[in-house]
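Here is the structure we will look at.
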Number of protein chains: 2
Amino acid sequence: MTDRHSALTSLPANDRKGATSSRGATREQVDAAIRTGLLTGRFIPGKAVTIRGLATDLGVSPMPVREVLQRLAAENALEVKSNGRVQVPDMTPDRFDEVLKARLLLEPELAERSLEKLSKRDVKMLTAIDDEIDQCIISGDAEAYMRLNHAFHFHVYRASGSKVLLPLIDSLWLQFAPFMRTVYGRVGTAILVDQHKEAIRAIKQRDRDALRDAIMGDITDGMGLIGKEILETT
Amino acid sequence: MTDRHSALTSLPANDRKGATSSRGATREQVDAAIRTGLLTGRFIPGKAVTIRGLATDLGVSPMPVREVLQRLAAENALEVKSNGRVQVPDMTPDRFDEVLKARLLLEPELAERSLEKLSKRDVKMLTAIDDEIDQCIISGDAEAYMRLNHAFHFHVYRASGSKVLLPLIDSLWLQFAPFMRTVYGRVGTAILVDQHKEAIRAIKQRDRDALRDAIMGDITDGMGLIGKEILETT
DNA sequence: CGTGTCATTTTGTGATCACAAAATTCACTT
DNA sequence: AAGTGAATTTTGTGATCACAAAATGACACG
């Protein structure tokens, strides 16, 4: 068996001709692979992550993995323990509370900044994503749900062209995503509710306050209700 | 001549016995060295930073420097260009605006969270730091001013025990510090004003709103007034 | 004197190695 | 059979190497 411990599809294999072989291409691919792995919940909190393991999983040398792990550790998406071991951080009530607070402070602000930049084409795109999300909730596909929910929010946020707030929010998502995945694993996706439709309407009407409210509502719907009690009953 | 391009004191030389030789000790030292270098403005925005250069400056192999540079790039303290070259990002009006906004959102919040944890001993420490700051303003020592101003704010923030908001704020400081250094280089430190004394008073009186106001005032005093016009007149 | 071209040097990247610390396995004792 | 010790494997770290891309400098030509 060549498969190691867990889930990460091998890299595009660097197969035939070129692809985009520029400076640091391998590192970028490794970064993207691990990052989406974290955002879709394919890494379990508390579980150790080894450099050589990921390297062989992805079919590359340990070198780019080392650098990517450092990057993700700097974003608090991973935790380097004193022994040098790297793992997905465990969620604690305090951490959860802070992430929730930070999201509520930053995301509405960035959404508002995106508002003027969002075109009709973006609205169409967001509607399409939201439709897919609804299907995922019905079908119970947690991983696809997480991927699409991320796509929805960041399609809005990216429109702002932000170089400061966006990376901060990026860091936050990387921190809570693995935990949320375990939540969905327990309670299922049926209970999920969001305010994406309210957000889309607010964007259409160019209503800043309505957009802020929708984003804040969406965050509290997604995190505020569920997470707390899970953490407390563990 | 062994000295390379610029300012970074060689590492404690790994001199006599041990110090704290644990896992990743070298990397931590390199990280601390570059980080404080950025926070005190010893790196000039736009100036390229080379791995081998820093490595020889610090007397270590390129290896730990590579990892640290990736970490700092992940925090947006450094910028990796498409050629792979690493440099201190240039400040732009947009970036400046975003950093200011983010600081105003996050720092008062974390200060408030720190309030209950701050003891009389902390107040004494903060007062001592603020006294030193006043001297720096008079003597015009910009580098010491930046170091102490950072020490003041983060002594407050660290008391909160935050694991989420604190790293975000850390990232923000790393982003604007190198630029502010160039500002002080132009206009001097005489014009500097802060609201540290108001903050200390608020801490003493356990006044949450007053502390928020002091922190916000301090931020706008330090950044809001100066930075904008500098950027626009360039 | 400016400009484009070519050779040289520098730089980042990925890979591999050697080593020590840590974790794991396993045999042995009680 | 359970606990304990040593032996073995795994892992992170720092260093070095080879290579290609990029930057730098020299130099010839207009």
Side-chain angles (χ1 to χ4, degrees), chain A residues 1-6 10-15 17-34 46-74 78-88, chain B residues 1-6 10-15 17-34 46-74 78-88:
Chain A
M1 61 185 77
T2 63
D3 279 356
R4 291 289 299 240
H5 35 61
S6 71
S10 178
L11 245 46
N14 186 15
D15 251 344
K17 47 197 55 172
T20 66
S21 68
S22 84
R23 217 59 183 273
T26 316
R27 182 175 53 218
E28 288 310 316
Q29 290 182 4
V30 171
D31 188 280
I34 300 179
K47 188 99 175 202
V49 169
T50 68
I51 295 175
R52 287 177 171 91
L54 286 176
T56 58
D57 281 354
L58 296 169
V60 298
S61 99
M63 208 53 229
V65 178
R66 279 172 68 170
E67 295 185 339
V68 168
L69 255 47
Q70 291 295 325
R71 276 165 57 151
L72 292 169
L78 294 174
E79 181 183 13
V80 284
K81 309 200 71 178
S82 59
N83 16 341
R85 220 55 177 282
V86 175
Q87 69 172 49
V88 183
Chain B
M1 62 187 78
T2 62
D3 279 356
R4 291 288 301 243
H5 34 63
S6 70
S10 177
L11 244 46
N14 186 14
D15 248 343
K17 46 198 56 174
T20 64
S21 69
S22 82
R23 217 58 181 275
T26 316
R27 181 175 54 219
E28 288 311 316
Q29 289 183 4
V30 171
D31 188 280
I34 301 179
K47 187 100 174 201
V49 168
T50 67
I51 295 175
R52 286 178 173 88
L54 287 176
T56 58
D57 281 353
L58 296 169
V60 298
S61 99
M63 208 55 231
V65 177
R66 279 171 67 170
E67 295 185 339
V68 168
L69 256 47
Q70 291 296 324
R71 275 164 58 149
L72 290 169
L78 294 174
E79 180 183 15
V80 283
K81 309 201 72 177
S82 60
N83 12 343
R85 217 58 177 282
V86 175
Q87 70 172 49
V88 183

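All chains are named by letter (A, B, ...) in the order of the sequence lines, taking the proteins before the strands, and each is independently numbered beginning at 1. Computed from heavy atoms alone, side chains included, the values below leave out hydrogens, waters and symmetry copies.
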For [X] and [N], what is the distance between atoms [atom1] and [atom2] respectively, to the nearest whole Å?
{"X": "A:Q70", "N": "D:dT13", "atom1": "CD", "atom2": "P", "answer": "6 Å"}
{"X": "B:Q87", "N": "C:dG12", "atom1": "CD", "atom2": "P", "answer": "12 Å"}
{"X": "A:R23", "N": "C:dG14", "atom1": "CZ", "atom2": "P", "answer": "9 Å"}
{"X": "A:D31", "N": "C:dT13", "atom1": "CG", "atom2": "P", "answer": "13 Å"}
{"X": "B:L54", "N": "C:dG12", "atom1": "CG", "atom2": "C1'", "answer": "13 Å"}
{"X": "B:K81", "N": "D:dA23", "atom1": "NZ", "atom2": "C1'", "answer": "13 Å"}
{"X": "A:I51", "N": "D:dT9", "atom1": "CD1", "atom2": "C1'", "answer": "17 Å"}

Once hydrogens and angles are ignored, does a donor-acceptor distance under 3.5 Å link the base of D:dG14 to the side chain of A:R66?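 Checked by distance alone, the answer is yes.
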
Looking at D:dG12, does its base get a donor-acceptor pair with the side chain of A:R52 below 3.5 Å?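 Check passes, donor-acceptor contact within cut-off.
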
Hey, mind stepping through B:T50 and B:V86 against side chain to side chain contact (heavy atoms under 4.5 Å, CB included) and telling me if it holds? CA-CA 7 Å; B:T50 67; B:V86 175; over 6 Å; no

Assign A:V49 to base, sugar-phosphate, or nothing according to its heavy-atom contacts below 4.0 angstrom with the strands shown.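 Sugar-phosphate contact only.
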
Side chains of A:I34 and A:L69 in contact at under 4.5 Å (non-hydrogen atoms):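 A side-chain contact exists here, since the closest heavy-atom pair is under 4.5 Å.
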
What's the verdict on side chain to side chain contact (heavy atoms under 4.5 Å, CB included) for A:R23 and B:N83, showing C-alpha distance, side-chain angles and the deciding distance? CA-CA 6 Å; A:R23 217 59 183 273; B:N83 12 343; 5.6 Å; no

Could you check which of D:dG14, D:dT11, C:dT13 has an atom nearest any side-chain atom of B:E67?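 Of the candidates, D:dG14 comes closest.
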
Respond yes when some side-chain nitrogen or oxygen of [X] is under 4.0 Å from OP1 or OP2 of [N], and no when none is.
{"X": "B:R27", "N": "D:dT13", "value": "yes"}
{"X": "A:S61", "N": "C:dG14", "value": "no"}
{"X": "A:N83", "N": "C:dA23", "value": "yes"}

Could you walk me through whether B:E28 and B:R71 pass the salt bridge (Lys or Arg N to Asp or Glu O under 4.0 Å) test, one step at a time? CA-CA 11 Å; B:E28 288 311 316; B:R71 275 164 58 149; 3.7 Å; yes

Could you say whether A:M63 or A:R85 is positioned toward the 5' end of DNA chain C, judged by the nucleotide with the nearest heavy atom to each?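 The residue mapped nearer the 5' terminus is A:M63.
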
DNA chain C: B:L69 or A:P64, which has the more 5' nearest nucleotide?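 Its nearest nucleotide lies further toward 5', so the answer is B:L69.
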
Locate the shortest heavy-atom distance separating A:P64 from A:T26; write the atom from each residue and the value.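 That closest heavy-atom pairing would be CG-CG2, 4.1 Å.
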
